[in-house]
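Indexing begins at 1, ligand by ligand and atom by atom, following the structure's order.
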Amino acid sequence: MTALLEVSDLSKAYPVGRRGLFRRRTMQALAGVSLSIAPGEVLGLVGESGSGKSTIGKAVLRLIEPETGSIRFDGRDLRALSTEELRAARKDMQIIFQDPYASLDPRKTVRAALAEALDTHGLHTGQRRTPRLNELVQMVGLSPQALDRRPHEFSGGQRQRIGIARALAVEPRFIVADEAVSALDVSIQAQILNLLADLRARTGISILFISHDLSVVRFISDRVMVLYLGRVMELGPADRIHFAPRHPYTAALVSAEPSLAPRQARIRLTGEIPSPMNPPSGCVFRTRCPYALPECAQAVPALRPAGEGQLTACIRDDILS
Ligand SMILES: Nc1ncnc2c1ncn2[C@@H]1O[C@H](COP(=O)(O)OP(=O)(O)OP(=O)(O)O)[C@@H](O)[C@H]1O
Ligand code: SF4
Ligand SMILES: [Mg+2]
């Protein structure tokens with residue numbers, strides 16, 4: 001199937017500190033990340049804090065500028081669009097944040113917040129406005145009475161439903177959900193995940209689902225991409241990533257989950273994540289990898305096919321198979 005979103009070789013370095021004598025100091029948040037998302041697909045993006053997940057989410061929506069990389073949405077090169085074209089394209093691409101409270105204006109009612117989203121793209125004006133607003137809150141499991149309340153009158157889970165309604169208001173074809181359930185209690189997380197899964201099934205929307213929690217990502221995703229220090233470690237079908245990981249870093253993430261039966265050798269992550277300003281040579285995971293060999297320091301491992309439909313950026317195929 002043709003991809004809805006096709007990203008290749010995305011790199012982003014943030015400037016840090018003061019300009020040095022000869023060159024500006026930077027930290028490499030992303031290095032050569034490629035991904036694609038099919039229509040109706042949920043791609044999960046998982047990795048520890050600082051691995052570059054949000055940077056990918058923001059770059060694909062062009063909220064930040066990457067150094068290199070191409071971003072194609074529905075066949076169009078997003079980096080080549082004019083400001084006006086980009087504004088129109090944004091209708092198709094929305095984002096849901098971790099903390100809807102921070103992104104909702106506390107003085108505005110839900111009705112005003114949703115109306116504002118519709119007005120941005122001139123949608124459902126006049127008499128069509130009220131039925132659309134009622135429909136939107138009902139789609140996310142709230143009653144029409146919610147429209148006349150303000151953000152503080154809702155619980156965290158309900159506020160996230162409002163955040164989702166606002167993203168859906170303009171009928172996007174793609175959403176980035178960045179840690180969208182991370183701030184919620186576990187039982188509420190399940191409700192919001194079920195809501196997103198249900199909306200995907202009903203509307204065929206594509207989702208880039210970002211979380212540091214592999215079990216959450218697995219629940220909702222078709223495929224999962226594992227990031228470490230701005231590089232892709234492994235990519236594959238969600239169940240394979242979870243039950244038969246082929247990269248030692250993925251195996252370590254899986255091992256850290258308390259609920260999982262110890263079917264395979266547990267790998268405990270020790271040591272700190274290296275500084276992205278000074279990442280290890282070769283395989284960036286090698287300073288924490290129990291299987292590291294001297295040759296792991298030589299070159300950055302390319303992604304290669306492994307297991308069933310997986311790609312792994314590890315040079316060893318004598319482990320975890
Ligand atoms: N605006 C910025 N300026 C400088 N460095 C930044 C900026 N934004 C992010 N970074 C750095 O880039 C790296 C990747 O950050 P990013 O927010 O993408 O990670 P993340 O995987 O989303 O982490 P988290 O799980 O904490 O949200 C981190 O080391 C972060 O400190
Ligand atoms: S390439 Fe080497 S260091 Fe990197 S994950 Fe594989 S075994 Fe570990
Ligand atoms: Mg983040």
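Scanning the protein heavy atoms around atom 4 (C) of ligand 1, the nearest turns out to be Tyr14 CB, 3.3 Å. Looking only at heavy atoms of the protein, atom 2 (Fe) of ligand 2 is closest to Cys296 SG, 2.3 Å. Of all protein heavy atoms, the one lying nearest to atom 8 (Fe) of ligand 2 is Cys289 SG, 2.3 Å. In terms of protein heavy atoms, atom 19 (O) of ligand 1 is closest to Gly52 N, 3.3 Å. Protein heavy atom in closest approach to atom 18 (O) of ligand 1: Thr55 OG1, 2.5 Å. Counting protein heavy atoms only, atom 6 (Fe) of ligand 2 is closest to Cys314 SG, 2.3 Å. Ranking the protein heavy atoms by distance from atom 26 (O) of ligand 1 puts Ser49 OG, 2.5 Å first. Closest to atom 29 (O) of ligand 1, if we only count protein heavy atoms, is Met27 CE, 3.2 Å. From the protein, the heavy atom lying nearest to atom 25 (O) of ligand 1 is Lys53 NZ, 2.8 Å. Of all protein heavy atoms, the one lying nearest to atom 27 (O) of ligand 1 is Ser54 OG, 3.9 Å.
In terms of modelled atom types and a separation under 3.5 Å, the side chain of Ser221 and the main chain of Val224 share no donor-acceptor contact.
Between Arg223 and Asp239, none of the side-chain N atoms (NZ, or NE/NH1/NH2) sits under 4.0 Å from a carboxylate O, so this pair counts as no salt bridge. Using a cut-off of 4.0 Å between Lys/Arg side-chain N and Asp/Glu carboxylate O, Asp77 and Arg79 are scored as not salt-bridged. With respect to the salt-bridge test (charged N to carboxylate O, under 4.0 angstrom), the residues Asp222 and Arg200 qualify. Between Arg132 and Glu171 there is a salt bridge, since a side-chain N of the basic residue sits under 4.0 Å from a carboxylate O of the acidic one. With respect to Arg87 and Glu84, a salt bridge is recorded, a charged nitrogen being found less than 4.0 Å from a carboxylate O. Contact check on Arg107 versus Asp105 returns a salt bridge, with a Lys/Arg side-chain nitrogen under 4.0 Å from an Asp/Glu carboxylate oxygen. Electrostatic pairing of Arg246 and Glu234 does not count as a salt bridge here, judged by no charged N lying under 4.0 Å from a carboxylate O.
Interatomic distance, Ile37 CD1 to Phe174 CZ, rounded to the nearest 0.5 Å: 4.5 Å. With rounding to the nearest 0.5 Å, the separation of CG in Asp198 from CE in Met139 is 9.0 Å.
The shell of residues lying under 4.0 angstrom from ligand 1, judged by heavy atoms, includes Glu48. Under the 4.0 angstrom criterion for non-hydrogen atoms, Ile315 is in contact with ligand 2.
Here's the thing with Gly50: one of its N/O atoms is less than 3.5 angstrom from an N/O atom of ligand 1. Remark: ligand 1 and His212 share no N or O pair separated by less than 3.5 Å (distance only, no angle test).
Residue-level proximity to ligand 2 for Pro248 is carried by the side chain, the only part with a heavy atom below 4.0 angstrom. Only the side chain of His247 comes within 4.0 Å of ligand 2, counting heavy atoms alone; its backbone N, CA, C and O stay farther away. The backbone and the side chain of Ser51 each have at least one atom closer than 4.0 Å to an atom of ligand 1 (non-hydrogen atoms only).
Counting atoms of ligand 1 from 1 in the listed order, those under 4.0 Å from a heavy atom of Pro276 are 29 (O). Below 4.0 Å from some heavy atom of Ala292 lie the following atoms of ligand 2, by number and element: 3 (S).
Using a cut-off of 2.8 Å, one finds that Cys283 contributes no N/O/S atom close to atom 2 (Fe) of ligand 2.
Here the closest heavy-atom approach between residue Glu6 and residue Ser36 is recorded as OE2-CB, 3.7 Å.
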